[in-house]
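Worksheet: one structure, shown below.
The figures that follow rest on heavy atoms only: side chains count, while hydrogens, waters and symmetry mates do not.
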Amino acid sequence: MFLLALFGCAGDGAPIDPSKPPTHDSATDSGEADLDGDGFAEGDCDDGDPAVYPGAAEHCDGVDEDCDGAVDEDATDAATWYVDADGDGFGDPDVSTRACDAPAGSVGDATDCDDGDATVHPGGVERCDTEADDDCDGAANEADAADALDWRPDMDGDGFGDASAPPTWSCVQPGDLVADPSDCDDADPEIRPTARDVCNDGIDQDCTGADKRCADTGVVDATDRADVTLLGDGMSPYQNLTSVVAGDVDGDGAADLAISNPADRGDDGINDAGLVAIVPDVTSLGAEVVTLDLALRVEATSGSTYFGSTVLLDADVDDDGSADLVVGAVAADLGLENQGAVYVFRGPITSDLTEADAFASLTGELAGDEFASEIRPGDFDGDGVADLALGTQYQSTNGTEAGALYVMFGPIAEGAQQSAAGADRYARGQADWRFGWPLSVADLDGDGLDDLAVGAINEDGVGAVNVYTGASILGAVGDLGAGDLCIEGSGPGFGVGLDAAHDLDGSGTPDIVVSVSSLSSGFSPGQSYLFFDPGTSGTLTWTDADVTLDSPCVSCFNGDGGGMGDVNGDGFDDLMFVTPGDEEGGSAWLFYGPISPDLGALADADAQFVGREGEVEDLGLRHGGNRTFDLGDVNADGFDDFVLPAIYAAADGWPDQIMLFYGAAGP
C-alpha cells in the first residue's frame, strides 16, 4: 500500500495561479474556449477582458467586473459619504454610507457638529446669541463672536465706557467693564452721550464732537454768524441776485443750491443774458467763504432775456423720478417782444448747460407779458405729478398791467415754445391789478390737493390775495374766475410779500402771511399780517389779521419774508422778515414759533441779524424772483436752514454775497 502525495499541482501538472479565484476550470468542464485566460468560459460576461469574470472584485469604473448584472456595487475603491441633513455642505460623521457617487443629501465632509442646524458648521459665524458651537471649533461664544460686545472701563460710573481705552471683546460682561464705549470723558459723569449739551459753553457734554450751538437770540452780526458765505467769481459779480433755492438737482441725495443772476453774467458791467449757478452738495462746502467759480453754470447765450428771473430746483415736472431745473426768463423774445419764457432742464444735471439744452420751453401769450414773473410747483390735480403755477403780473389789458395766472398740469411735455395760451387753467386780473404775483402753494384745507394763493398787489387800488382751492382748480374748465377766498388789502403793495406754506401757530393747518409796502414810494414803513387758519372761502380784510407786525423804521421795510422751516428744532415753523434799508446795514428779524398773537412789531423778534454799514449792506435784499429765505434742512442735521443775501459794499463793483445760516437748537 502506498500514498499518492499531492504537492499543489493541477491535474495537468501546471501550478495554481493564486490571483484567480475559480475553483474549477469552466473551460475544461464545458469544453468552451477561455479566450481571455481568466479561467472562465461559461458565465464570463466579457471574455475579452481577463479582469472581468464571475466573482471578480468590483471597482468604481462603470464596468460589471463580477458579472452579476450590476455596476460598481460594493466597489473596493468606493468612497465614504456623510448625510448632510441641514444642507449646509458639511456632513454628519455618525451617519455614513459607501458608494462610488454621492447619494442624494450626502457630502464627502464629515465635520458638521450639528447636522440639524444649517447655521452651525466649520467656518460658521460664531454668535453670542446662541448656545451652540456655531463654527464647530470645540468652543462656544468665544471672544471673536460676531456679536461680541466692546467692553470698556467706566471710571466715572455714568454707564458709558472710556472711548480711549483698549477694547475687551466678550459675549459676557468681564468684571466691572461696561458695553457702551462712547464716553468722551470718563473722569466726569456729567459728560456722556445722554447728557444735555449746554449750548455755547465750550464743552461737548453729549460727546458729539462739538459744543452745541445755541439758537440765535438778540442782536446777531450776520457776517460773524454766517456758516458759509458765497461770493461771485470774477466773471459773475452777482450784482442783481434774484433767487437762492435748494433742491437735489444732480441726484446724489445731497442738497444743492441754485443762485441766479439774471442781469449780468460778464465782467463788463453790461446787462447781458443772465445765468443760474448751481452749487452741488451744500454739506461739502465746509469753508466759511466760498467763491462760485467752480459752480455749474446754466446760462443764456444771447440777448437780454433776464434768464434766471425765477428758479425752481426741487420739482420733478417730467415725472421721471429726478428733480428738474426750471428757469424763468421774463424778457425773452421768442417771436414777441418781452413775451417771456420758462425753460425746463431735465435732471439730474451734472454739467454746464445753456438754454438750448432745455427739453421744454413755455412762452407768454402776448408781447410785453414778461411771462412768468413767479413760478411755483404744486399738485393741484392730485395725480402725484408736479404741476406748475405761473404768475404774469405785467400782462396788459387796455394798456394797463392787469396780470394773469396760468396752471399747467404735469408732466410737462417735451418740446419747444409751448404757449401759455394752452395752459390747463388760467385766470386774469383787471386793469392795473398786477394780478399773478407773488404766488404761494400749500394744502390749506387738508383735502390732499394743493391750494394756490395769488397776489394782486394793486387790486382795486388796495391790493388783495386770492386763494384758489385745489378742488376748484381741478374742477374748472379753462378760466378759474374769482378765487374761493379773497383777503382785501390795506393799500397799494398789499401782497408784495406772501406765504401760505407754513403752520405758524402750531395748529396743524398752514397760515397765510401777507406784507405790504407802497407801490409809489418804494420802501415804506409797511406792515405784515398773519392770518391763522384762515379757511379757503369767503372774504377777509387786513383788519381780520390775528397778528399785525409793524416795521421798526419809516423807510426800511419792503415786505420780503414770511414763514420759515423749523430753524431751532422745537417742532414749530418759524417766521422771518427783512428790512434791507435800515441803518444797521439791513436787518433780518427771526421769530421762533409758535407765533404769539400778542406780537405787534418786528422789534419783538427773538433774533435780529444785522449787516455792517459801509461793508455788508442791504441785508436781505433781492431783486424779485423767489421771495423766500427758507432752504429746508440742507446740511441734514435736523434743523432747517436759511439764506440771507446782501450787498458787499466793501468790494469793488458791489457784488452781492449770499450768507448761509444753519439752524441750531434752543438752550
Side-chain angles (χ1 to χ4, degrees), residues 196-231 241 243-248 252-259 277-292 295 313-314 502 561-578 586-593 605-611 616 619-620 622 626 628-646 656-667:
R196 177 179 178 270
D197 196 354
V198 179
C199 60
N200 289 3
D201 68 348
I203 302 174
D204 177 21
Q205 283 98 345
D206 59 359
C207 295
T208 60
D211 182 25
K212 183 178 73 173
R213 184 172 63 200
C214 291
D216 299 292
T217 57
V219 178
V220 180
D221 186 299
T223 302
D224 289 341
R225 166 64 178 84
D227 293 283
V228 179
T229 298
L230 296 162
L231 296 173
L241 173 69
S243 297
V244 182
V245 293
D248 179 19
D252 66 354
D256 313 313
L257 291 183
I259 303 166
I278 297 176
V279 181
D281 188 0
V282 176
T283 59
S284 68
L285 293 177
E288 293 182 1
V289 178
V290 179
T291 62
L292 293 172
L313 199 64
D314 59 351
H502 295 88
M564 301 282 287
D566 185 7
V567 175
N568 64 342
D570 64 355
F572 298 97
D573 285 343
D574 303 319
L575 179 68
M576 176 178 279
F577 297 98
V578 295
S587 296
W589 308 83
L590 177 61
F591 299 80
Y592 295 124
D606 295 287
Q608 177 191 2
F609 294 80
V610 297
V616 176
L619 185 71
R622 59 180 58 186
N626 304 69
T628 180
F629 303 102
D630 180 19
L631 293 180
D633 184 11
V634 295
N635 66 340
D637 66 350
F639 302 97
D640 285 328
D641 311 311
F642 60 95
V643 66
L644 290 172
D656 285 351
Q657 63 179 2
I658 304 100
M659 288 182 279
L660 176 60
F661 300 83
Y662 297 141

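Every residue two or more places apart in sequence or in another chain that forms a ring pair (Phe, Tyr, Trp, His ring centres under 6.0 Å) with Phe661 is listed here: Phe609, Phe642.
Gly563 and His502 get closest at one heavy-atom pair: O-CE1, 3.2 Å. Contact record, Leu619 with Val610: CD2-C, 3.9 Å, taken as the closest heavy-atom pair. Across all their heavy atoms, Tyr592 and Asp216 have their closest contact at OH-O, 2.7 Å. Residues Cys214 and Ala664 approach most closely at O-CB, 3.7 Å, considering heavy atoms. The shortest heavy-atom contact between Asp641 and Val634 is OD2-N, 2.8 Å. For Asp633 against Phe639, the heavy-atom pair with the smallest separation is OD1-O, 2.9 Å.
Side-chain contact between Leu285 and Asn635 is absent, with no heavy atoms from C-beta onward closer than 4.5 Å. By the 4.5 Å heavy-atom criterion applied to side chains, Val279 and Ile259 are counted as neighbours. Between Phe629 and Pro645, some side-chain heavy-atom pair lies under the 4.5 Å cut-off. Side chains of Leu230 and Val643 form no contact here, defined as non-hydrogen atoms less than 4.5 Å apart.
The CG atom of Asn568 sits 8.0 Å away from atom CG of Asp606, with the distance rounded to the nearest 0.5 Å. Separation of atoms CG (Asp281) and CG (Asp256) is listed at 7.0 Å; rounding is to 0.5 Å. The CZ atom of Phe591 sits 10.0 Å away from atom CE of Met576, with the distance rounded to the nearest 0.5 Å. Distance check: Asp574 CG to Asp640 CG gives 8.0 Å after rounding to the nearest 0.5 Å. The distance from atom CG of Asp630 to atom CG of Asp566, rounded to the nearest 0.5 Å, is 10.0 Å. Rounded to the nearest 0.5 Å, atoms CG (Leu644) and CG (Leu590) are 9.5 Å apart.
Under the side chain to side chain contact (heavy atoms under 4.5 Å, CB included) test applied with Arg225, the options Asp227, Thr223, Asp221 reduce to a single match, Asp227.
Side-chain atoms of Gln657 and Thr229 include no donor-acceptor pair closer than 3.5 Å.
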